[in-house]
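To start, the structure under review is shown below, and the notes come after it.
Just so you know, ligand 1 is whichever comes first in the structure, and atom 1 is the first atom listed for that ligand.
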Amino acid sequence: MSDIQSDLKQHKTTVVKITEQYLQNIKANAHLNAFNEVFEDVLVKAQDVDTKIKEGKEGKLAGIVLAIKDNICYKDHQVSASSKILDGFTSIYSSTVVERLLAEDAIIIGRCNCDEFAMGASNETSYFGPVKNHADETKVPGGSSGGSAVAVQAGMCHAAIGTDTGGSIRQPAAFCGVIGLKPTYGRVSRYGLIAYASSFDQAGPITKSIEDAALLLEVMAGVDDYDGMVANVPVPAYHKDLEITGKKKIAYISEALNSPGVDPQLKNLLSTQIEKLKNDGHVVEPVSFEFMDYVVPTYYILTMAEASSNLARYDGVHYGYRSPNATDLESTYKKSRSEGFGKEVKRRIMLGTFVLSAGYYDAYYAKAQKIRRMIRDKTNQILSEYDFILTPTAPTPAFNIGENMQDPIVMYLADIFTVQASLAGIPAISLPIGNNDNGLPLALQVITKSFGEADLLKFSKYFLELSKN
Ligand code: GLN
């Protein structure tokens, strides 16, 4: 990012030229299906930023071309959550994250494909079809922010903004060999994100460098009158200080390293990195996390319940798609929803409604809430003794397109390592640490304490360097 900005200052390039280059890359990679739309106004906006640069009035993100996941509202631009039910819907206001990025003169080049309503781990539930992984086009890019991760991976933008409910920034970043940061719940405003599960959703950056992740987080984070869950915790200038200090205490979850479901090369990678950290003077120890078998069921019960409530608003009246076959009010609701939502979204609305229903509420929803608390408390207890927790981001590298679509449970299990931080509401980052023998990216996840993003970013920068040696 700093290179681009110094080139701009010395008039070696312009924002228009940089944007044109990305537009060309998007065209050349159209077959990857990463974008649902490239915004028409982008060169006009680039011109405006060039004018500001000439006047010396540009913001922190001048020259930075971003893509946004297609569930983030940008005023006067379409947004669809990759669903037929929002087809043709135009945002009437911008999300806080978009407002803040634009205020610092970022260029938003387009909206990226994702799983429908961010429900998925492979980008295959999108109404607009799957996205292909640029490392191997027979593989999924991960999900749900799959298009955003591929856009960064294949150089179609400088960085992207995704959303993460249970891994949707981190797991696609892992599958595509880029960096993905899910902030603490309450660090970044959710205002103007299309809600999936409101007690989990967070927006965050997908980038190629830690510096970029730090700067983007810094711009997006902080109190917002429109989201009461954003904490009144000062936002440090994350990107200004990325030097690690002292030796760290790091835990790795023994259940994760020993699980038979984890790819052998990923296990080796984790062991090698643990050795490197130890050799560099850090304390790295196994800890037991006895809730490993419960994280996925707890996550899915709670998020489906929240989704069933959040998605009640798509009724064929307020937004987007209305069934042409409807004859009265009731059939407008029924037909618009039946025709507008895809299979996975319907499954979740129905299961969510079931776990919230009077007869089953205590058995499922209330119980899952209690287990969420236990998972959070145990995770925080580990983090009171250790600076970081290290796990693989996902149990395997990118899988084949089509491979996991027949069995939703298999797909849900792809989230086993990402949902812990989501349930606990704490920050986590996925870091690309090499490729497997088939050239597919492998990644590790680092988790830390609530609002510990500054330390997480410092450690990540150091760890990425260390992993190269
Ligand atoms: N794969 C998870 C799910 O389908 C995570 C999705 C997300 O974080 N939006 O719920």
Side-chain angles (χ1 to χ4, degrees), residues 68-72 81-83 112-126 130-131 140-149 160-175 180-185 188 190 193-206 295-311 341-352 355 368 372 393-396 398-399 403-405 407-430 445 447:
I68 53 175
K69 185 178 182 180
D70 193 6
N71 64 349
I72 303 178
S82 289
S83 180
C112 284
N113 202 339
C114 56
D115 280 295
E116 187 180 1
F117 283 101
M119 297 177 189
S122 66
N123 213 121
E124 292 169 289
T125 71
S126 167
V131 176
V140 301
S144 63
S145 315
S148 306
I161 307 301
T163 65
D164 190 310
T165 303
S168 275
I169 289 175
R170 291 163 282 158
Q171 184 253 23
F175 281 12
L181 170 67
K182 181 200 89 80
T184 307
Y185 182 77
V188 174
R190 295 161 307 156
L193 309 185
I194 293 184
Y196 160 17
S198 306
S199 78
F200 295 78
D201 299 342
Q202 273 292 294
I206 299 177
V295 293
V296 169
T298 306
Y299 168 81
Y300 275 94
I301 289 172
L302 295 175
T303 53
M304 287 179 187
E306 294 188 27
S308 75
S309 156
N310 273 326
L311 271 61
F341 288 131
K343 195 170 165 189
E344 180 61 26
V345 173
K346 284 186 208 163
R347 178 177 5 251
R348 295 192 190 198
I349 292 173
M350 286 187 278
L351 284 168
V355 300
R372 181 180 194 178
T393 306
T396 65
F399 42 86
E403 185 178 331
N404 288 349
M405 276 305 265
D407 186 348
I409 304 288
V410 174
M411 190 70 91
Y412 299 166
L413 284 170
D415 303 328
I416 179 133
F417 299 131
T418 46
V419 294
Q420 181 184 357
S422 308
L423 287 158
I426 53 180
I429 193 165
S430 178
Q445 172 181 237
I447 305 175

Inset, instruction - Determine, using heavy atoms of Tyr412 and all atoms of ligand 1, whether some pair is separated by less than 4.0 Å. - result: no
Of Tyr196, Tyr299, Tyr300, the one whose closest heavy atom lies nearest atom 5 (C) of ligand 1 is Tyr299
- Query: For Thr163 and ligand 1, does the shortest N/O to N/O distance drop below 3.5 Å?
  - Reply: no
ask   = Think Arg372 forms a cation-pi with Phe200, using NZ or CZ under 6.0 Å from the six-ring centre and within 45 degrees of its axis?
value = yes
### Query
Would you say the side-chain atoms of Arg170 and Ser422 include a donor-acceptor pair closer than 3.5 Å?
yes
Among Met411, Glu344, Arg348, closest by heavy atom to atom 4 (O) of ligand 1 is Arg348
Original post:
So is there a nitrogen or oxygen of Met119 less than 3.5 Å from a nitrogen or oxygen in ligand 1?
Top reply: no
- Task: Indicate whether the side chain of Ser144 and that of Asp115 have a donor and an acceptor atom separated by less than 3.5 Å.
- Result: no
Gly143 to ligand 1: N or O pair under 3.5 Å?
no
The closest protein heavy-atom partner of atom 7 (C) of ligand 1 is Ser168 OG, 2.3 Å
Under 4.0 Å from one or more heavy atoms of Gly166, ligand 1 contributes atoms 5 (C), 7 (C), 8 (O)
Practice prompt. Assess the side chains of Asn71 and Thr163: does a donor N or O sit below 3.5 Å from an acceptor N or O?
Written response: yes
Side chains of Glu116 and Ser82, donor plus acceptor under 3.5 Å
no
* Scan side-chain atoms only and decide if Ser430 and Gln171 contain a donor-acceptor pair under the 3.5 Å cut-off. => no
re atom 2 (C) of ligand 1, the protein heavy-atom contact at minimum distance is Asp415 OD2, 3.2 Å
Checking Thr303, Leu311, Asn310, Val345 against Tyr196 for side chain to side chain contact (heavy atoms under 4.5 Å, CB included), the one that qualifies is Thr303
If we number the atoms of ligand 1 from 1 as shown, the ones under 4.0 Å from a heavy atom of Gly120 are 1 (N), 2 (C), 3 (C), 4 (O), 6 (C)
Taking only non-hydrogen atoms of Ala118 and a 4.0 Å limit, the atoms of ligand 1 in range are 6 (C), 7 (C), 9 (N)
The answer for which part of Ser144 has a heavy atom under 4.0 Å from ligand 1 is side chain
(Q) With no hydrogens and no angle check, just 3.5 Å: does a side-chain donor-acceptor pair link Ser145 and Lys69? (A) yes
